[in-house]
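Lettering of chains follows the sequences in order, A, B, ..., and the numbering in each one begins at 1. Computation of the quantities below employed the complete heavy-atom set of this structure, encompassing side-chain atoms and omitting hydrogens, waters and symmetry-equivalent molecules.
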2 protein chains.
Amino acid sequence: MSRTEFEPIVDTTRRAEIVGQLRRAILTGKLSPGQKVNELKISKEMRVSRAPLREAVRELVQDGLLTNIPYAGAYVINVVPKDIEDAYALHHVLEDFAIELVWPLRDQRFAAELDRRHVQVKEATRALDTTRQIETALQLHSVIYEWSDNALLLDTWQRLARRLQMYFALHQQARDEPVPDVDMHEDYVRLLKGDDTAAAKQHAREHIDWNFAELVAYAESLAAKRK
Amino acid sequence: MSRTEFEPIVDTTRRAEIVGQLRRAILTGKLSPGQKVNELKISKEMRVSRAPLREAVRELVQDGLLTNIPYAGAYVINVVPKDIEDAYALHHVLEDFAIELVWPLRDQRFAAELDRRHVQVKEATRALDTTRQIETALQLHSVIYEWSDNALLLDTWQRLARRLQMYFALHQQARDEPVPDVDMHEDYVRLLKGDDTAAAKQHAREHIDWNFAELVAYAESLAAKRK
DNA sequence: GTCAATCAGATTGTCGACAATCTAGCAAGA
DNA sequence: TCTTGCTAGATTGTCGACAATCTGATTGAC
C-alpha cells in the first residue's frame, strides 16, 4: 500500500479563479463597501467573458460579500456598526461551541497545527504585512473549527470569518498607524493546549473582544462619512 | 406624509424562479440525494437557456444543497447520519443563543406572530400535508431568529433550516405511515411567551431532540442501502 | 486474456451577441 | 418651479453556439 497521500487537483476553471480574485479585492479593500460591481468593465479587465464572471458574482452574493438587485447590479456590502456587533456576538457563541467540541478531540497533531499557524501569524506581524496578518490570524482561529469534527460548524465559521476579515481589513486600511507587533495569540494557543476548558473559553472571549470596540468606532466613522 | 408603506417589488428574473423550483425539487425529494443535476435536460424541461440555470446552480451550491465537481457536474448532497448529528448540535447552540437575544425584545407583535405561525402548522397538520407541515414548523421556529435582531444569526439559521427541511422531507418521504397529528408546539409557543428563560431553553432543547433519533436511524438505512 | 491507446458521445465551461430593463437627462406642459 | 413623459445610453439578463473536458467502449498489441 502506498503511504503517500496526494492532494486533490485544484479546480482550474476560470470561475474559481475569478471568485478568488473578487474575494481578495473585497477583503483587501480594492473594492470598497457600497461600490458597484460592473460586469462588463471587470470582465474586460480580467480578459474573460461575462458568463463565468456572473457565476462568480452569484457565489459571492450567497457568501454575503455582495448584494444583488435585479437589473441594477451587484454591490459590495456596506458595513454598519450593528453588523460588526452581530458578527462578534455570533463569534462568541461559535467559539464557545467549537472549544467544547474540540476539547476531547485534541491530539499532538492539533497542537502542532496550532503552533504552525501561530508561527505564520508571527512572521506576518514581523514583516509588517497587515493583510497577511489578518489572514493568518483568522486561519489560526480556524484550527479549532477544523478539528471540531462538525462540517456545518466549520462552514458557518468560514462564512463568518470572511466577514470578519473584511471588517479587519477595512479597519487597518483606514488607520494609518502601523499594526501593533505584540503577540496577542501566545495565551490563546497555550490555553487551547492546556487542561482548563473554562479558562480557554474565557480567554477566547476576551481575545475576541480585544479590538472590537475599535472596530465599531471605525464603522461609526464610516457611516458618518457616508451620510 | 403618506402613511401607507409599500412592499418592495419582487425580483422577477428567471434565475430566481429557477432557484425556487430547484430548491423545492430537492426539499421535496423530487431530486434525490446523490442524483446528478443535468443542465441540458433541466434547462429544456424548464424551457430556459443554460445560463440562468447555471447561475441558479451556483447559488444552491453555495447554499450547500448541491455540490459541484468541475467538468463533472452538480449533484444533490448525500445525507449521512453524521450530517444530521452535526446539524442538530448546531441547532441546539443557535436556538439557545436566539432565545437569549430575543428574550428582552419580545412584545405583543412577537406573541401574535408566534400564534399566527402556530395556527399554520396546525392547519397543515390537520390537512395531512406533510410537506407543508415541515415548512410551517420551521417557519414557526424562525420567529425567534427574525426577532433576535441579529442579521447574521438569522442568515445562519436560514441555511441550517434548509438542511433540516431536506432531512425531514426525506424522512417523511421514506416512512409510509401518516404524520402524527399531535401538537408538538403548544408548549414551545407558551414557554416563549412566558417569563422563564431557562425553561424555554430547556424545552426547546427537548423539542429539537424529539425526532432526532428517528431521523438518524433513517439516514443510517439510507447509507446502508447506498452500499 | 490483459492492458494501454484511442475514439465517439455526452456534458460542462466559455464566449459573443441580442433582448429586457434601468437611469439620467431633457423637453413640454401645468 | 415642479411634475410628467420621453429618449438615449448604459447595464444587466438571457440565449444559442462553440471549446474543453470527462466517461465509457472499442481496438489493437503483447
Check your understanding: Just by distance, do the side chain of Gln35(A) and the backbone of Ser32(A) share a donor-acceptor pair under 3.5 Å?
Key -> yes
Practice item. Identify whether any heavy atom of Lys36(A) sits under 4.0 Å from a base atom; if not, whether one sits that close to sugar-phosphate; answer base, sugar-phosphate or nothing. Key: sugar-phosphate
Review point. Is any side-chain N or O of Asn38(A) closer than 4.0 Å to OP1 or OP2 of dA10(D)?
Key: no
Practice item. Send over the distance from Glu39(B) CD to dT21(D) P, rounded to a whole Å. Key: 16 Å
Practice item. Write down the distance between CG (Leu53(B)) and P (dT11(C)), rounded to a whole number of angstrom. Key: 14 Å
Review point. Parallel, tilted or perpendicular: which describes the rings of Trp157(B) and His91(B), with under 30° parallel and over 60° perpendicular?
Key: tilted
Review point. Is a side-chain donor or acceptor of Asp86(B) paired with a backbone partner of Ala151(A) at a separation under 3.5 angstrom?
Key: yes
Exercise for review: Using a heavy-atom cut-off of under 4.0 Å over every strand shown, decide if Val57(A) touches base, sugar-phosphate, or nothing.
Suggested key: nothing
Point to revise | Asn68(A) side-chain N/O to dT12(D) phosphate OP1/OP2 under 4.0 Å | key: no
Review point. In whole angstrom, what separates Ile69(A)'s CD1 from dA10(D)'s P?
Key: 21 Å
Study note, to complete from the structure: Reading nucleotides 14-19 of chain C from 5' to 3' and marking B where a protein heavy atom lies under 4.0 Å of the base, S where only the sugar-phosphate is that close, and - otherwise, the string is BB-B--
**Study point:** For Glu135(B), side chain to side chain contact (heavy atoms under 4.5 Å, CB included) partners two or more places apart
**Key:** Arg132(B), Gln139(B), Gln165(B)
**Study point:** Backbone of Asp149(A) reached by a side-chain donor or acceptor of Lys82(B) within 3.5 Å
**Key:** yes
Review point. Between the main-chain N or O of Leu192(B) and the side-chain N or O of Arg106(B), is there a donor-acceptor pair closer than 3.5 Å?
Key: yes
